[in-house]
Q: 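This is the structure I want to talk about, given as structure tokens.
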4 protein chains.
Amino acid sequence: MKVTKEQILQKAISFFSSHDYDRSSLNEIAGALNITKGGIYHYFESKDDLFKESVSYLLDIVDQQASDSIELGIPLKKLLKSFFLLDDVAGLYSQMTGLDILGDYSDIVYLLFSVLKKFPEMRSKQERIYARYMMGMEMLFRDAQKRGEIRRDLDPEGLAFELTAFVEGGMLISSVSSGLDGNRLGTKVFDNFWKRIQSDSDDPE
Amino acid sequence: MKVTKEQILQKAISFFSSHDYDRSSLNEIAGALNITKGGIYHYFESKDDLFKESVSYLLDIVDQQASDSIELGIPLKKLLKSFFLLDDVAGLYSQMTGLDILGDYSDIVYLLFSVLKKFPEMRSKQERIYARYMMGMEMLFRDAQKRGEIRRDLDPEGLAFELTAFVEGGMLISSVSSGLDGNRLGTKVFDNFWKRIQSDSDDPE
Amino acid sequence: MKVTKEQILQKAISFFSSHDYDRSSLNEIAGALNITKGGIYHYFESKDDLFKESVSYLLDIVDQQASDSIELGIPLKKLLKSFFLLDDVAGLYSQMTGLDILGDYSDIVYLLFSVLKKFPEMRSKQERIYARYMMGMEMLFRDAQKRGEIRRDLDPEGLAFELTAFVEGGMLISSVSSGLDGNRLGTKVFDNFWKRIQSDSDDPE
Amino acid sequence: MKVTKEQILQKAISFFSSHDYDRSSLNEIAGALNITKGGIYHYFESKDDLFKESVSYLLDIVDQQASDSIELGIPLKKLLKSFFLLDDVAGLYSQMTGLDILGDYSDIVYLLFSVLKKFPEMRSKQERIYARYMMGMEMLFRDAQKRGEIRRDLDPEGLAFELTAFVEGGMLISSVSSGLDGNRLGTKVFDNFWKRIQSDSDDPE
DNA sequence: CATGAATGAGCCTTCATTCAT
DNA sequence: GATGAATGAAGGCTCATTCAT
């Protein structure tokens with residue numbers, strides 16, 4: 001059974017995100033794939049190269065799944081609610097790739113920060129993903145406004161940013177605070193959030 | 001001029017937050033202090049020890065300043081507004097210690113994540129700081145409710161979490177997205193936020 | 001010319017026995033083999049590992065040669081005599097391996113003691129070698145009793161222990177006392193020893 | 001309570017014999033005496049100096065006690081018997097100094113060997129102690145011969161060497177072989193030894 | 001293609017030694 | 001006298017990288 005370049009990338013992601021760059025040795029990565037260190041050098045010029053390529057590989061997946069999570073045309077309320085269940089969202093990260101690549105949310109945040117430290121030039125790629133995601137959100141709100149589901153006097157860009165920032169921050173705090181119930185707090189916040197933005201003509205719950 | 005233990009801690013923080021644990025060599029840290037590596041071992045048993053002690057040192061400062069930033073008894077609106085000016089808040093981190101220790105917000109997040117990876121036992125300290133901070137926020141909202149400044153039907157715990165999470169997440173996104181204007185977006189969000197929570201009797205602006 | 005694992009073991013023995021564990025640096029050992037320190041880590045996980053493996057290597061040789069030195073079926077007297085020539089026996093150690101590995105007898109005693117200090121779990125291996133050797137001696141005496149070469153009322157186990165202990169102690173004293181003639185004193189002792197144990201029917205010399 | 005030079009010597013012996021030269025740090029030795037490293041340098045020029053002086057100190061005690069153990073004028077048989085009880089003799093080493101300085105027999109042998117490796121010039125002192133001890137033994141046998149307690153046709157020098165070597169070797173084997181009963185085997189050997197050397201006119205037991 | 005031996009630089013750590021106070 | 005800060009050399013160890021096979 002040949003080891004493909006993609007398998008190496010996946011295993012690398014798994015090491016880099018759980019062990020951190022410097023603590024992930026090529027020997028171990030190779031060992032986990034039952035090949036030798038030299039084998040990796042056939043596909044990648046250096047460890048740095050492997051690192052950058054594997055983070056890119058991961059970012060593409062994240063971007064794809066982020067896009068997929070934004071579905072136009074369905075009632076916004078239900079979709080939004082799912083974003084506020086912080087523990088559930090965080091749980092998605094582990095399955096995100098369908099490849100058992102990632103640990104939890106904090107692993108990926110750590111990984112993305114560390115790549116910025118080493119390779120500042122990768123900032124633009126991360127930046128673009130955030131931008132695309134928030135743009136998707138914005139369209140979601142615009143669409144709901146058009147359909148009259150939410151109030152028309154709210155700024156869609158502000159809403160998109162507010163939501164995204166809250167979710168990121170909420171998961172971050174959640175990942176540090178083991179005793180905190182992210183779903184419960186998220187629901188509380190969602191209730192207030194929705195009450196504020198829903199169209200006046202909406203049936204109050 | 002004697003080099004004190006505190007000077008070492010500060011320089012260590014500065015390295016660990018900007019270069020990451022593994023890339024911060026004792027050689028460099030010592031060199032930046034004009035002492036030799038061996039000198040560090042007078043004050044610290046090991047690199048791990050230095051790392052843990054310096055993160056502790058930093059966390060104590062962060063905790064202190066977080067507490068200080070919560071002032072009861074003044075109009076909530078003005079205080080809140082300042083929290084939403086993300087770029088300004090982020091800027092505070094660099095001066096937080098008054099010691100030119102930190103780079104920017106992402107440095108400290110990165111540092112705190114990395115310490116959790118290496119020393120999970122330090123989670124509780126970080127957790128406590130978040131808990132204390134959010135409790136302070138909660139009291140802020142309760143106080144404002146008592147004074148009639150904001151609506152009384154809102155859940156203070158939810159508000160505290162919402163605010164804290166938004167600020168953290170906002171700064172995180174901001175630190176990645178160089179083109180993003182954190183103050184502008186933050187102001188937008190604040191306006192909506194305040195409109196929602198202010199007491200009905202308040203004069204609309 | 002490739003450097004084999006066995007060559008490293010031999011050179012290590014030579015250093016560890018003449019310089020002691022802590023004073024034998026991997027740098028020097030590697031240098032003597034014209035490789036670099038890192039090369040040693042290809043074959044051994046650590047200095048400790050190298051130490052243990054090389055002592056094991058030596059012990060196996062010692063055990064083998066000890067077994068070989070016990071020949072059943074030949075006149076006991078001649079064989080015994082050779083054991084009492086302490087200087088000659090001590091001299092055998094240096095050539096024991098045919099590899100110029102050891103210095104003199106005291107080197108090996110020192111090495112074996114030091115390995116016990118660091119790795120008490122290696123005691124059993126040394127113990128087994130002594131036990132096997134003394135058992136071989138015992139059989140030698142039993143055989144000679146059967147053949148009527150020595151008196152039948154002596155305890156073979158006691159004789160084996162007496163002989164072994166005397167030889168060990170004699171060489172030890174000899175190795176410390178440069179002026180002492182081990183062969184001369186050994187011969188004196190042998191004469192008494194043999195006079196005591198020889199069969200009465202034997203022709204007195 | 002002032003720390004005297006002798007106290008340092010004793011503590012040093014205790015460390016050097018149980019931990020070995022290189023593993024005994026001046027810091028630890030000083031710490032065990034509740035003084036600082038610098039304090040040691042008031043009495044000793046260097047670690048080497050301390051090492052040599054402390055081994056000298058020990059050797060003087062050993063020499064003294066070895067002399068004391070040889071008592072002329074009492075029945076030889078009883079005295080000799082005590083030398084053959086190997087486990088008991090080995091046990092004496094720990095109490096030898098009355099100062100809780102030494103561990104067991106193997107510690108002292110190890111220490112004496114290691115000092116020879118580092119400072120070959122100390123060989124003569126050790127050599128002299130062995131020589132004096134064997135000379136004492138020789139006189140013991142001569143005395144017993146004079147008194148008619150043992151046969152007059154035996155060579156006292158050979159007997160002294162035989163006895164000393166056996167005891168040294170026996171204890172050495174004993175210290176390695178945990179399962180071996182040194183007293184039992186020693187008694188066996190003594191019985192044979194005494195039978196051989198006792199005067200014919202002696203009452204057989 | 002792939003292996004595995006070998007390198008070399010860099011890191012953490014220890015510790016005898018010095019010296020100003 | 002004695003302390004404690006500081007040095008500097010050395011050692012074990014790791015690992016990305018190279019290269020002959």
Side-chain angles (χ1 to χ4, degrees), chain A residues 2-3 5 21-31 33-51, chain B residues 1-5 8 21-31 33-51, chain C residues 1-5 7-8 21-31 33-51, chain D residues 2-5 21-31 33-51:
Chain A
K2 270 283 202 53
V3 170
K5 184 167 178 177
Y21 180 84
D22 286 290
R23 297 192 125 66
S24 305
S25 83
L26 293 185
N27 246 337
E28 278 178 314
I29 295 175
L33 289 163
N34 272 102
I35 59 173
T36 60
K37 214 169 11 177
I40 292 181
Y41 277 86
H42 273 282
Y43 297 103
F44 304 95
E45 282 184 354
S46 64
K47 190 185 180 184
D48 279 7
D49 184 30
L50 171 63
F51 186 50
Chain B
M1 176 87 78
K2 274 273 199 54
V3 171
T4 67
K5 184 168 179 175
I8 298 179
Y21 180 84
D22 286 293
R23 298 192 119 66
S24 307
S25 87
L26 294 185
N27 249 336
E28 279 180 312
I29 295 176
L33 289 163
N34 272 104
I35 59 173
T36 58
K37 208 165 26 173
I40 293 181
Y41 279 87
H42 248 282
Y43 300 98
F44 304 94
E45 284 184 351
S46 62
K47 189 185 181 184
D48 279 9
D49 186 30
L50 172 62
F51 186 51
Chain C
M1 177 86 80
K2 275 273 199 51
V3 171
T4 67
K5 185 168 179 175
Q7 282 178 297
I8 298 179
Y21 180 84
D22 287 293
R23 297 195 118 66
S24 306
S25 86
L26 293 184
N27 249 336
E28 280 179 313
I29 295 175
L33 289 162
N34 270 105
I35 58 174
T36 60
K37 205 166 30 174
I40 293 181
Y41 279 87
H42 249 283
Y43 300 98
F44 304 95
E45 284 184 351
S46 63
K47 190 184 181 185
D48 279 9
D49 185 30
L50 172 62
F51 186 50
Chain D
K2 270 282 203 51
V3 171
T4 66
K5 183 167 179 176
Y21 180 84
D22 287 289
R23 297 192 124 66
S24 306
S25 84
L26 292 185
N27 246 336
E28 278 180 314
I29 295 174
L33 288 163
N34 273 102
I35 60 174
T36 59
K37 215 168 13 177
I40 292 182
Y41 277 85
H42 273 282
Y43 297 102
F44 304 94
E45 283 184 353
S46 64
K47 189 184 181 185
D48 279 8
D49 185 31
L50 172 62
F51 186 50

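So that the names make sense, note that chain A is the first sequence line, chain B the second, and so on, each numbered from 1.
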Q: Sequence neighbours left out, what passes salt bridge (charged side-chain N to carboxylate O under 4.0 Å, His left out) with B/Asp22? Give chain and number order.
A: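 With neighbours one apart ignored, the set is A/Arg23.
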Q: Return the value, rounded to whole Å, for the distance between atom CD1 of B/Ile40 and atom C1' of E/dC11.
A: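 Distance, rounded to whole Å: 13 Å.
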Q: Rounded to the Å, how far apart are B/His42 NE2 and F/dG8 C1'?
A: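 Whole-Å distance recorded here is 13 Å.
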Q: By side-chain contact (heavy atoms from CB on, under 4.5 Å), which residues pair with C/Thr36, not counting sequence neighbours?
A: none
Q: E/dT13 P sits how many Å from B/Ile29 CD1, rounded?
A: 11 Å
Q: Taking atom C1' of E/dA5 as reference, at what distance in whole Å does atom CZ of C/Phe44 sit?
A: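 So the CZ-C1' distance, C/Phe44 to E/dA5, works out to 14 Å.
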Q: Over how many whole Å does the gap from D/Leu33 atom CG to F/dT3 atom P extend?
A: 11 Å
Q: Roughly, in whole Å, what's the span from CD1 in B/Ile35 to P in F/dG4?
A: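 My rounded result for the distance is 18 Å.
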Q: Given atom CG of C/Asn34 and atom C1' of E/dT7, what is their separation to the nearest angstrom?
A: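 About 14 Å, once rounded to whole Å.
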Q: With a distance cut-off below 6.0 Å to the six-membered ring centre and an angular limit of 45° from the axis, does B/Lys47 pair with B/Tyr21 as a cation-pi contact?
A: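 The answer is yes, since B/Lys47 meets both limits relative to B/Tyr21.
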Q: So how far is it from C/Leu50 CG to C/Ile29 CD1, rounded to the nearest 0.5 Å?
A: 5.5 Å
Q: Mind checking salt bridge (charged side-chain N to carboxylate O under 4.0 Å, His left out) for A/Asp48 and listing every partner two or more places apart, or none if nothing turns up?
A: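 With sequence neighbours excluded, A/Asp48 shows a salt bridge (charged side-chain N to carboxylate O under 4.0 Å, His left out) to A/Lys118, given in chain and number order.
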Q: Nearest heavy-atom pair of A/Ile40 and A/Leu26: which atoms, and what distance?
A: CD1-O, 3.9 Å
Q: Checking D/Asp49 now: which residues fulfil side-chain contact (heavy atoms from CB on, under 4.5 Å) with it, not counting sequence neighbours?
A: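 Checked D/Asp49 against side-chain contact (heavy atoms from CB on, under 4.5 Å); matches are D/Phe44, D/Glu45, D/Ser46, D/Glu53.
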Q: Produce a footprint string for nucleotides 12-21 of chain F: one letter per nucleotide, 5' end first; B if the base is under 4.0 Å from any protein heavy atom, S if only the sugar-phosphate is, - if neither.
A: BBBSBB----
Q: Does OP1 or OP2 of E/dC1 have a side-chain N or O of A/Tyr43 closer than 4.0 Å?
A: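 Indeed not, no polar side-chain atom of A/Tyr43 lies that close.
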Q: How many angstroms lie between atom CD of D/Glu28 and atom CG of D/Leu33, to the nearest 0.5 angstrom?
A: 12.0 Å
Q: In which ranges does DNA chain E form stems of 3 or more consecutive Watson-Crick or G-U pairs, distances under 3.5 Å?
A: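 Stem list for DNA chain E: E:2-21 with F:2-21.
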